[in-house]
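Quick note on labels: first sequence line is chain A, next is B, and so on, each numbered from 1.
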There are 2 protein chains.
Amino acid sequence: MKSAAPAQASRDEAAPFYDLIELFFFAYRDFVGDADRLLETYGFGRAHHRVLHFVSRQPGLTIAELLDILKITKQSLNRVLKELVAKSFIEARAGAQDRRHRQLFTTAKGSRLARDLALLQTKRFARAMEGLGPEGRERAFDFLLAMVDPHERGRVMELIGMKNPERGA
Amino acid sequence: MKSAAPAQASRDEAAPFYDLIELFFFAYRDFVGDADRLLETYGFGRAHHRVLHFVSRQPGLTIAELLDILKITKQSLNRVLKELVAKSFIEARAGAQDRRHRQLFTTAKGSRLARDLALLQTKRFARAMEGLGPEGRERAFDFLLAMVDPHERGRVMELIGMKNPERGA
DNA sequence: GAAAATATGTCAACATTGCTGACGTAATTG
DNA sequence: CAATTACGTCAGCAATGTTGACATATTTTC
């Protein structure tokens with residue numbers, strides 16, 4: 001009676017994917033754990049990592065753009081950004097065109113740490129790929145992208161450099 | 001001069017997998033975001049979710065076992081567990097054999113919420129699978145498992161019910 | 001050029017969820 | 001009965017998120 005569908009009502013009665021849910025949880029925990037351990041030696045946390053990462057990936061980023069990526073408040077960002085600047089991992093300069101903007105750049109020290117962190121996490125991906133055959137990387141890419149909110153995918157694709165932001169073209 | 005390896009030294013000079021690193025970050029954020037919104041309506045956070053989830057999955061779990069899964073301190077656990085019990089989402093009974101143990105069970109209300117949360121997250125997986133072909137689920141499983149620390153995989157496999165804990169066999 | 005809007009910084013207070021350390025109590029074990 | 005085990009609890013601290021209010025510099029607009 002409930003519904004006309006005998007097999008499964010769009011997934012309301014079907015069994016949850018407990019395995020994937022739990023695997024995603026453990027996989028992500030181990031993934032960030034790699035970075036956590038290195039960050040600790042600098043007195044930094046995950047929040048610092050995220051800021052350092054995106055600044056290193058997009059030198060010249062402004063505060064507003066960074067806030068938009070991280071989706072936190074300026075107060076939260078400022079707390080960690082201040083430390084990163086104080087410890088000379090990041091530099092802020094007045095915007096080239098609009099001097100109200102602050103453009104963020106990693107210093108040599110900051111670039112090094114950002115790269116080391118990325119390489120740590122890359123190592124985990126690389127080890128995972130070894131057990132997954134030659135197409136593992138593409139499949140991981142496709143799976144992860146498919147897990148992102150559909151209306152966020154465009155922005156994410158731009159971020160990771162897979163899409164031209166339609167500038168001059 | 002740097003090293004003898006011209007192609008790439010085990011991945012020390014190779015380009016980091018920035019795309020996967022960032023995709024994993026955004027995918028996981030959206031994944032937990034689904035649950036966050038529902039939890040908020042109950043005044044619960046992610047910590048409550050994890051406790052409710054594992055108790056619902058393994059009724060009769062003891063405090064020590066739960067601590068071992070979550071890898072947090074008993075004080076952290078107790079804080080959220082106390083609320084879940086107070087609000088009647090979880091029940092704690094003295095252990096059957098050893099009365100020092102507390103065995104945890106979800107109430108009807110707790111089971112319902114746990115299932116709703118799992119279904120929300122399952123929906124995201126299911127939508128992702130639609131774009132990935134028939135083998136998407138297995139590939140996602142394999143990828144996620146491969147991302148887990150190798151020495152943790154056995155435990156995780158048991159948790160998700162893919163491995164007999166070698167009891168009577 | 002004065003006024004309004006924009007980009008950012010900062011202060012204060014609070015919530016969630018980790019942590020450590022110390023101590024208490026009930027139940028079991030030796 | 002003493003020691004161990006399993007758990008609960010109190011107190012305090014840290015990281016990182018939040019709101020709200022207000023200051024300052026710069027650019028835009030009328």
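- Considering only the side chain of A:Asn78, C:dT10 comes nearest among D:dC7, C:dT8, C:dT10.
- Toward the 5' end of DNA chain D, the nearer of the two residues A:Ile72 and B:Thr62, judged by each one's closest nucleotide, is B:Thr62.
- At a threshold of 4.0 Å, the pair B:Arg29-B:Asp36 does not count as salt-bridged, since none of the basic side-chain nitrogens sits closer than that to a carboxylate oxygen.
- Along DNA chain D, the nucleotide closest to B:Leu67 and the one closest to A:Lys74 are compared, and the more 5′ of them pairs with B:Leu67.
- A donor-acceptor contact shorter than 3.5 Å is absent between the side chain of A:Ser56 and the backbone of A:Thr106.
- Contact between the side-chain N/O atoms of B:Ser76 and the OP1/OP2 oxygens of C:dT17 is not found at any separation under 4.0 Å.
- Between B:Leu39 atom CG and C:dT17 atom C1' the separation is 14 Å, expressed in whole Å.
- Under 4.0 angstrom from either OP1 or OP2 of C:dA5 there lies no side-chain N or O belonging to A:Arg100.
- Under 4.0 angstrom from either OP1 or OP2 of C:dT8 there lies no side-chain N or O belonging to A:Arg102.
- Rounded to an integer number of Å, the gap from B:His49 NE2 to C:dT16 C1' is 16 Å.
- Residue-to-nucleotide contacts include a donor-acceptor pair under 3.5 Å from the side chain of A:Arg79 to the base of D:dG17.
- Summarising the geometry, the separation between CG on B:Leu84 and P on C:dT16 is reported as 13 Å, rounded to the nearest angstrom.
- At whole-Å resolution of the value, CD in B:Gln97 and P in D:dT5 are 19 Å apart.
- Counting only heavy atoms from C-beta on, B:Gln75 has its side chain closest to C:dC19 among C:dT10, C:dC19, D:dG8.
- For A:Arg46 against D:dG17, a side-chain-to-base donor-acceptor contact under 3.5 Å is absent.
- B:Arg137 forms a cation-pi arrangement with A:Phe17, by the criterion of a distance under 6.0 Å to the ring centre and an angle within 45° of the ring axis.
- The closest side-chain heavy-atom distance from A:Leu20 to B:Gln121 is not below 4.5 Å.
- Cation-pi geometry between B:Arg50 and A:Phe25 is not met: the NZ or CZ atom fails to fall both under 6.0 Å from the ring centre and inside 45° of the normal.
- Ranking D:dG17, D:dT9, C:dC19 by closeness to the A:Ala47 side chain, first place goes to D:dG17.
- Contact annotation: B:His48 side-chain N/O to C:dT16 OP1/OP2 distance is not under 4.0 Å.
- A donor-acceptor contact under 3.5 Å is not formed by the side chain of B:Lys82 with the base of D:dG8.
- Per the geometry, CG belonging to A:Leu77 stands 17 Å off P belonging to D:dA15, to the nearest Å.
- Judged purely by atom type and a 3.5 angstrom limit, A:Arg139 has no side-chain atom pairing as donor or acceptor with the backbone of B:Arg139.
- A sub-4.0 Å separation between OP1 or OP2 of C:dG18 and a side-chain N or O of B:Thr73 is absent.
- Distances shown here put a side-chain N or O of A:Arg50 below 4.0 Å from the OP1 or OP2 atom of D:dG17.
- Between B:Leu66 atom CG and D:dG8 atom P there is a gap of 11 Å when expressed in whole angstrom units.
- The interatomic distance linking A:Ile63 (CD1) with C:dT8 (P) rounds to 6 Å, in whole Å.
- For the pair B:Leu104 CG and D:dA6 P, the computed distance is 15 Å after rounding to whole Å.
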